[in-house]
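Input: a single structure, listed below in structure tokens.
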There are 2 protein chains.
Amino acid sequence: MGLMASKDDLLPVLKRAGLRPTRQRLALAGWLFDGANKHVTAEELFVACGGDGALSLATVYNSLNKFTAAGLLHQVVVDGGRVYFDTNTGVHHHIFDETTGFLTDIPPMPVNFLGMSDLPAGTILTRVDVVLRVRAVK
Amino acid sequence: MGLMASKDDLLPVLKRAGLRPTRQRLALAGWLFDGANKHVTAEELFVACGGDGALSLATVYNSLNKFTAAGLLHQVVVDGGRVYFDTNTGVHHHIFDETTGFLTDIPPMPVNFLGMSDLPAGTILTRVDVVLRVRAVK
DNA sequence: GTGTTTGCAAAGTGTTTGCAATTTA
DNA sequence: TAAATTGCAAACACTTTGCAAACAC
């Protein structure tokens with residue numbers, strides 16, 4: 001799946017984020033940042049990186065949160081009860097398949113929303129999320 | 001808060017939805033469908049309707065799901081780990097304040113997304129969610 | 001009466017946390 | 001060796017479920 005990022009490519013990524021390159025983080029980052037955009041849940045990433053024995057689920061959660069805080073990942077909330085982590089940190093939107101739980105990126109589209117002046121007083125816009133929800137035709 | 005719906009107004013609402021008008025459902029519907037649009041979590045609704053003693057939290061969840069299945073409510077997912085229920089079932093979008101957890105309705109805005117032909121094969125569009133995420137200026 | 005709904009408590013998910021042992025710098 | 005990170009297990013928050021008693025039709 002994709003081009004495996006070498007440890008030499010990963011080290012600067014983690015270093016720049018101020019995160020110590022532990023064996024676990026290198027494994028996670030190596031799988032996540034191979035050049036292709038991905039959407040994963042903690043559980044999926046845990047399994048993809050070897051599951052129990054390779055690392056612990058708590059470390060996956062811990063690392064995902066650290067990566068997110070460092071700006072390496074974005075969270076996507078489309079489904080109550082679980083969080084997706086998106087390796088595409090640029091501006092874009094999503095298609096969410098309610099049947100399969102699968103997420104797809106779509107390019108940012110013009111959203112003609114109200115001006116900043118219409119936001120609640122004392123708040124600033126942090127992000128515009130657009131989700132096209134689809135379902136399998138039955 | 002708002003004009004309290006009378007039992008006579010509520011009965012047809014529940015009846016039309018195919019739901020038996022129990023004391024608990026009348027209380028919940030009375031609070032929810034008073035004419036003003038609302039966003040509530042199960043917990044908030046539970047408290048608003050009297051909390052323990054008046055009904056059980058399980059019944060609130062149960063009823064919210066029934067109301068939603070009947071089309072009386074919409075679910076809004078903006079925050080991993082809890083679901084908001086929206087009494088506005090028409091087409092509209094939201095502003096979500098990440099600081100306070102407060103949700104606000106905004107009118108539907110033109111979203112120039114790709115045509116149906118670009119949706120994943122075998123799927124149909126069920127909804128377009130647009131969420132403006134805001135944060136308190138610090 | 002018959003089928004539905006309630007309430008309780010228990011179970012289920014996904015995620016976070018406390019803390020001792022380990023690892024990185 | 002000082003500070004950060006791991007792993008485990010326990011704790012959490014939210015939601016669902018099983019089942020007997022209560023209720024609506």
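Computed from a prediction, not measured in an experiment: that's the story for all the values here.
- With a cut-off of 3.5 Å on both pairing distances, the Watson-Crick or G-U wobble partner of C:dT22 is D:dA4.
- Base contact: A:Arg20 has a heavy atom under 4.0 Å from a base atom.
- For A:Ala58, the side-chain atoms get nearest to C:dT17 when compared with the rest of C:dT17, C:dA25, C:dT5.
- Between B:Phe46 atom CZ and C:dC8 atom P there is a gap of 9 Å when expressed in whole angstrom units.
- In this entry D:dC23 has C:dG3 as its Watson-Crick or G-U wobble partner, both defining distances falling under 3.5 Å.
- With rounding to whole Å, B:Phe67 atom CZ is found 11 Å from C:dT5 atom P.
- For A:Arg25 and C:dT23, the CZ to C1' distance is 11 Å, given to the nearest whole Å.
- Nearest to the side-chain atoms of B:Tyr61 among the listed nucleotides C:dT15, D:dC25, D:dC14 stands D:dC14.
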Decide yes or no on salt bridge (Lys or Arg N to Asp or Glu O under 4.0 Å) for B:Arg133 and A:Asp129, but give the supporting numbers first. CA-CA 8 Å; B:Arg133 306 181 78 91; A:Asp129 284 346; 3.6 Å; yes
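- In this entry the distance linking CG of B:Asn62 with P of D:dA22 reads 19 Å, nearest Å.
- Note: CD (B:Gln24) to P (D:dA22) measures 13 Å, nearest angstrom.
- Remark: C1' of D:dT6 and CG of A:Leu19 are 14 Å apart, rounded to the nearest angstrom.
- Per the geometry, CG belonging to B:Leu64 stands 15 Å off C1' belonging to C:dT6, to the nearest Å.
- When distances are taken from the side chain of A:Thr22 to each of D:dA24, C:dC8, D:dT5, the shortest belongs to D:dT5.
- Both A:Lys66 and B:Lys15 lie close to DNA chain D; mapped to their nearest nucleotides by heavy-atom distance, the more 5′-ward contact belongs to A:Lys66.
- Here C:dT15 is the nucleotide among C:dT6, C:dT24, C:dT15 with the atom lying nearest to any side-chain atom of A:Ala42.
- Listed nucleotides D:dT5, C:dT5, C:dC8 differ in distance to B:Ser56; the shortest reach to its side chain belongs to C:dC8.
- Atom CG of A:Leu57 is separated from atom C1' of D:dA9 by 13 Å (rounded to the nearest Å).
- Here B:Asn65 lies in heavy-atom contact (under 4.0 Å) with sugar-phosphate atoms only.
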